[in-house]
Amino acid sequence: MKQFNRYLVTAALPYANGPVHIGHLAGCYLPSDIYVRYLRATGADVKFICGTDEHGVPITIKAMKENVTPQDIVDKYYAIIRDSFAAMGISFDVFSRTSNTVHHETASAFFTNMYEKGLFEEKESEQYYDEVKNVFLADRYIIGTCPKCGNDKAYGDQCERCGTSLSPDELINPRSALSDAVPVKRKTKHWYMPLQQYEPWLKEWLLEGHKEWKNNVYGQCKSWIDSGLQSRAMTRDSNWGIKVPLPDAEGKVLYVWFDAPIGYISATKELTPDWQKYWCQDDTKLVHFIGKDNIVFHCIIFPAMLKAHGNFVLPENVPANEFLNIEGEKVSTSRNWAVWVNDYVKDFPDQQDVLRYVLCSTAPETKDNDFTWKDFQDRNNSELVSIFGNFVNRTMVLMHKLCGGKVPPIHADVKDERDDAVFQMLQSAKQKITDSLENYRFREALSEMMNVAREGNRYLQEKAPWLLAKTPELQAENQKVIDNCLHVCLQLTANLAIFANPFLPFTAQKICHMLKVVDRMLEWSNAGSMKLVSVGYTLRAPELLFKKIEDEQVKEQVDKLHAGLAQSAAAQAAAEPAKPAAPKKAEIQYDDFAKLELKAGTITAAEKVEKADKLLKLTVDLGSEQRTVVSGIAMHYKPEDIVGKQVTLVANLAPRKMRGIESQGMILMAEDEDGRLVFVNPAEAVAPGSNVS
RNA sequence: UGCGAGGUAGAGCAGAGGUAGCUCGUCGGGCUCAUAACCCGAAGGUCAGAGGUUCGAAUCCUCUCCUCGCUACCA
């Protein structure tokens, strides 16, 4: 095993175009914070790095839409994000931002270093340009008609209706998502990093050298490398970002994915003049905490960049988490289906540890997981309150009642095996928790920590000091046994604070306060000790560590979630028509309309098309003939529900094959903002084959 | 379409050839120091489905189904 003398821990740079939600927290900020708090407790030299990622096209677009500058956007969200993390006790050593001067200089220098070594390829290509907004358009910002299914809202990279991946050139009638203008092709030059040249090295370093990485991470990297890497552009046409530091690069900036990870380096520079010690000496253990969407950038592209530059350490591990869903549905910031951290802090003041506990115990370490408010309540009430909080409270109350509020001595003459067993249990718990934390298994570590509290309750139950003190006479007789029991329970409580500290730092502090011990007691090396609280010390009155969460609070949160969703949908619906969305298509003459042959028909049969999520094969009765129509409505209607329905059919549309079935017409559907499809049909039943005009 | 990860008691997870385990929930009992908390016990699973290898498969192989991700600047 390699010996490391210091740690550099990074958490993914959140993108500064919105606040952070609990999925972000569960994905990487909480696990990294737990890891770092543990490392600090062991006395390790560790730096915990994060900051906002403030470049990239989405920010310029958001700025354009809100009619402010990109800088306004990032300033606003930088503050919100920073404060959310601080409130939750995420203990970054530095929380920087990529719009800082230090970062611009660092990223520029990084690029120049690679450029001077001749590590970039220069290539010219033609890209769509929006002449109204004067910007080059990323594929995603070109909208047009899908050549496969005719969806007129396909994006330049993919059609979301039929799932085909596209290139902007394939779109019929492309237009800009920003201005609705018809984009034109313009030549543009970019600098590419030939990733394929790093393949042999990546195979050795990653595939051979890091087989211990998590399955989901290793598997995805392997799949990328095995399928062959390609040159990737490291610059973009934009005026928001870090200028490409070359003379002939007007209007070009570094690709955000080139500049963002360098942000880890810049932030470290900002933190300490000693930054090189952390980044350039190979006895540093660099660990990147990220969500699964970032795997390739952190495991392949950024390491390749570091390798290319040559002066930096490489990540030792990248423990990426999967995603957290909320109440059974994927988090969606645009639909406002999310629990925002800044809201949580307001709604549950002084209960950060509850969220930390719940997110850690359901952390998506191996697969996507679901967060529900009911589960949040259950875990708080039946685990934190009933097991952990209750044990500490029982101990404190009994100690005050039976031992006069002072830490009782331990009497060797009445000490028994059960007392020793607690000591043994602590040793083994320390071992297990340490092992789990070192291997990024935070859920497991947390559950071991809770087991310590469970053991405490069990011990107390078996000793039952309250029975030994039923009457004053009995108590006098048993005082030594009672002393021993509460002495053990108090030491156990102190140990619990050490074990809980990485996960529940606010709670650990409360325990320290009650026990009148200083922060240094929380050092990891003290775990397992039975001499943490001193005999004879007067302790403070017990205070509850956790409080119950009531049904109403849960209901409020669930309602809030749904209200947010509805509000956001309404806001979007209101915003859309306000834009010149209505006359998207050119005006037509009556003759054009008359070319359409529309007929009412009745669906007589419907079945799912195999190997297609969205397609149904329908048979439509037009009175004089039967038509086979393939329609992309499987997501919205079940075959059995629509047989017998009347529909409006474009009867003279040229036939088209889809999934090997010839579709002889098209059914008219109305689609709302959420993508919900509804039949456009005659209000009353008419004879099949009736003309519609 | 391809590739990656996953599918195990009502819920959340462990187990990676040898009679299915943990936490919460449920049910029964005990206790009363404690936030109706704690402790003991029980019920509950054809380990997504089908086939195969093996004396023996949740675990290995093949195929199928489902979920999520990547291929697109969401942790």
Side-chain angles (χ1 to χ4, degrees), chain A residues 11-15 17-18 20-32 53 55-59 138-140 155-158 160 163-166 214-224 226-227 236 255-257 260 289-297 320-325 330-334 338 361-370 372 374-375 378-379 381-387 389-402 441 443-444 447 450-451 454 456-462 464-467 469 486 542 544-548 611:
Chain A
L13 304 185
Y15 200 54
N17 72 341
V20 286
H21 53 69
I22 62 171
H24 294 114
L25 230 40
C28 74
Y29 304 103
L30 182 60
S32 54
D53 174 7
H55 297 135
V57 179
I59 283 172
D139 293 355
R140 187 81 214 192
Y155 296 107
D157 49 4
Q158 189 189 38
E160 296 207 327
T164 321
S165 32
L166 301 168
K214 288 172 61 169
N215 281 351
N216 56 341
V217 178
Y218 187 88
Q220 196 174 132
C221 293
K222 185 164 165 34
S223 124
W224 259 66
D226 287 349
S227 62
R236 288 287 188 274
Y255 175 40
V256 272
W257 269 111
F289 283 84
I290 55 168
K292 67 171 155 183
D293 54 325
N294 271 204
I295 290 173
V296 292
F297 293 100
N321 271 356
E322 301 283 300
F323 281 172
L324 186 73
N325 295 331
K330 280 201 275 185
V331 170
S332 164
T333 48
S334 56
S361 49
T362 60
E365 288 181 10
T366 51
K367 62 169 185 196
D368 287 1
N369 261 345
D370 200 26
T372 65
K374 179 77 177 75
D375 184 58
D378 285 347
R379 285 186 188 273
N381 293 357
S382 61
E383 296 180 25
L384 283 180
V385 173
S386 305
I387 296 166
N390 192 222
F391 169 70
V392 174
N393 191 43
R394 295 171 86 185
T395 297
M396 293 300 288
V397 169
L398 280 169
M399 187 271 305
H400 276 92
K401 278 189 181 165
L402 305 180
R441 294 194 300 260
R443 235 176 16 204
E444 187 179 271
S447 123
M450 286 302 285
N451 280 341
R454 280 190 192 94
N457 278 317
R458 189 168 298 137
Y459 171 78
L460 207 46
Q461 192 70 27
E462 286 173 27
W466 55 90
L467 289 183
L486 287 160
L544 295 181
L545 295 177
F546 306 101
K547 59 182 181 206
K548 290 230 157 187
K611 305 225 177 204

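Below, chain A is the first sequence line, B the second, and so on; all start at residue 1.
Partners of A:Tyr29 by ring pair (Phe, Tyr, Trp, His ring centres under 6.0 Å), not counting sequence neighbours, listed by chain and number: A:Phe85. Scanning for side-chain hydrogen bond (donor to acceptor under 3.5 Å, both in side chains) contacts around A:Asp378 gives A:Lys374, with sequence neighbours left out. Residues satisfying the ring pair (Phe, Tyr, Trp, His ring centres under 6.0 Å) test with A:Phe297, not counting sequence neighbours, are A:Trp257. Partners of A:Asn215 under the side chain to side chain contact (heavy atoms under 4.5 Å, CB included) rule, at least two apart in sequence or in another chain, do not exist in this structure. The side chain to side chain contact (heavy atoms under 4.5 Å, CB included) test applied to A:Glu322 returns A:Asn216, A:Lys292, A:Pro364, A:Asp368, not counting sequence neighbours. Applying the side chain to side chain contact (heavy atoms under 4.5 Å, CB included) rule to A:Lys547 yields the partners A:Gln351; only residues at least two apart in sequence or on another chain are considered. Applying the side-chain hydrogen bond (donor to acceptor under 3.5 Å, both in side chains) test to A:Arg443 and every residue at least two apart in sequence or in another chain returns nothing. Every residue two or more places apart in sequence or in another chain was checked for a side-chain hydrogen bond (donor to acceptor under 3.5 Å, both in side chains) with A:Asn17, and none qualifies. The side-chain hydrogen bond (donor to acceptor under 3.5 Å, both in side chains) check on A:Thr366 picks up nothing, with sequence neighbours excluded.
Taking atom C1' on both nucleotides, B:C55 is separated from B:A9 by 30 Å, rounded to a whole Å. The gap from the P atom of B:A72 to that of B:G18 amounts to 43 Å, rounded to the nearest Å. Between B:C63 and B:A20, the two P atoms lie 28 Å apart (nearest whole Å). Using C1' as the reference atom, B:G44 and B:G49 are 23 Å apart when rounded to the nearest Å. Distance check on atom P: B:A58 versus B:C3 gives 28 Å, rounded to whole Å. B:A57 and B:A48 have their P atoms separated by 15 Å, given to the nearest Å. Between the C1' atoms of B:U8 and B:A14, the separation comes to 10 Å (whole Å). With P as the reference atom, B:G25 and B:A37 are 8 Å apart, rounded to whole Å.
At the heavy-atom level, A:Leu544 lies under 4.0 Å from base atoms of the strands shown. Nucleic acid contact for A:Ile22: none, since no nucleic acid atom lies under 4.0 Å from a heavy atom of the residue. A:Lys330 comes within 4.0 angstrom of sugar-phosphate atoms only, judged by non-hydrogen atoms across all strands, and of no base. Nucleic acid contact class of A:Asn294 (heavy atoms, under 4.0 Å, all strands): sugar-phosphate only. Counting any heavy atom pair closer than 4.0 Å across all strands shown, A:Val296 reaches no nucleic acid atom. Using a 4.0 Å heavy-atom criterion, one finds that A:Val397 contacts the sugar-phosphate atoms exclusively. Within 4.0 Å (heavy atoms only), A:His55 reaches no atom of the nucleic acid at all. Using a 4.0 Å heavy-atom cutoff across all strands shown, A:Leu467 reaches sugar-phosphate atoms only and no base atom.
In this structure, A:Arg458 reaches the B:C40 phosphate: one of its side-chain N or O atoms is under 4.0 Å from OP1 or OP2. Dashed line: the shortest gap from a side-chain N or O of A:Lys548 to OP1 or OP2 of B:A37 is under 4.0 Å. The shortest distance between the side-chain N/O atoms of A:Lys292 and the OP1/OP2 oxygens of B:C74 is not below 4.0 Å.
In this entry the distance linking CZ of A:Phe546 with C1' of B:A37 reads 14 Å, nearest Å. Going from atom CG of A:Asp370 over to atom P of B:A11 covers 12 Å, rounded to whole Å. In this structure, A:Tyr459 atom OH and B:A34 atom C1' are separated by 17 Å, rounded to whole Å. In this structure, A:Asp226 places its CG atom 15 Å from C1' of B:U71, rounding to the nearest Å. A straight line from CG of A:Leu460 to P of B:U32 spans 13 Å, rounded to a whole angstrom. One interatomic measurement links the two molecules: NZ of A:Lys214 to P of B:G69, which rounds to 16 Å at whole-angstrom precision. Rounded to whole angstrom, the span from the CG atom of A:Asn390 across to the P atom of B:C33 amounts to 13 Å. The CG atom of A:Leu545 sits 17 Å away from the P atom of B:A37 (whole-angstrom rounding).
Across all their heavy atoms, A:Pro465 and A:Leu460 have their closest contact at CD-O, 3.7 Å. Of all heavy-atom pairs between A:Val256 and A:Gly56, the closest is CG1-N, 3.1 Å.
Put simply, the side chain of A:His400 never gets that close to the backbone of A:Val397: no donor and acceptor are under 3.5 Å apart.
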Checklist entry - Can you give the dot-bracket line for RNA chain B, using ( ) for pairs inside the strand, [ ] for pairs that cross earlier ones, | for pairs with another strand and . for unpaired bases, where Watson-Crick and G-U count if both distances are under 3.5 Å? => result .(((((((.[[[[.)..(..]]]].(((((.......))))).....[[[[[..)....]]]]])))))).....
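For the pair A:Lys222 and A:Asp293, both in contact range of RNA chain B, the more 5′-proximal nearest nucleotide belongs to A:Lys222. Between A:Cys221 and A:Val256, the residue anchored closer to the 5' end of RNA chain B is A:Cys221, taking for each the nucleotide with the nearest heavy atom.
Remark: the A:Asn451 side chain and the A:Arg454 side chain contain an N/O donor-acceptor pair separated by less than 3.5 Å.
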N/O to N/O distances under 3.5 Å, protein versus nucleotides 24-28 of chain B:
residue, atom, partner, partner atom, Å
B:C24, O3', A:Ser382, OG, 3.1

Check: protein-nucleotides 5-9 of chain B nitrogen or oxygen pairs below 3.5 Å:
residue, atom, partner, partner atom, Å
B:A5, O2', A:Thr366, O, 3.4
B:G6, OP1, A:Asn215, ND2, 3.2

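For A:Lys401, the side-chain atoms get nearest to B:A34 when compared with the rest of B:C70, B:C3, B:A34. Distance from the side chain of A:Phe323 is smallest to B:G69 among B:G69, B:C31, B:G12. Listed nucleotides B:C39, B:G4, B:A14 differ in distance to A:Ser223; the shortest reach to its side chain belongs to B:G4. The nucleotide whose nearest atom lies closest to any side-chain atom of A:Ser386 is, among B:G12, B:C33, B:A37, B:A37. The A:Arg443 side chain lies nearest to B:A14 when the options are B:U71, B:C33, B:A14.
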Checklist entry - Does the side-chain contact (heavy atoms from CB on, under 4.5 Å) test come out yes or no for A:Asn321 and A:Cys28, once each step is laid out? => result CA-CA 7 Å; A:Asn321 271 356; A:Cys28 74; over 6 Å; no
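At least one side-chain heavy atom of A:Tyr15 sits under 4.5 Å from a side-chain heavy atom of A:Ile59.
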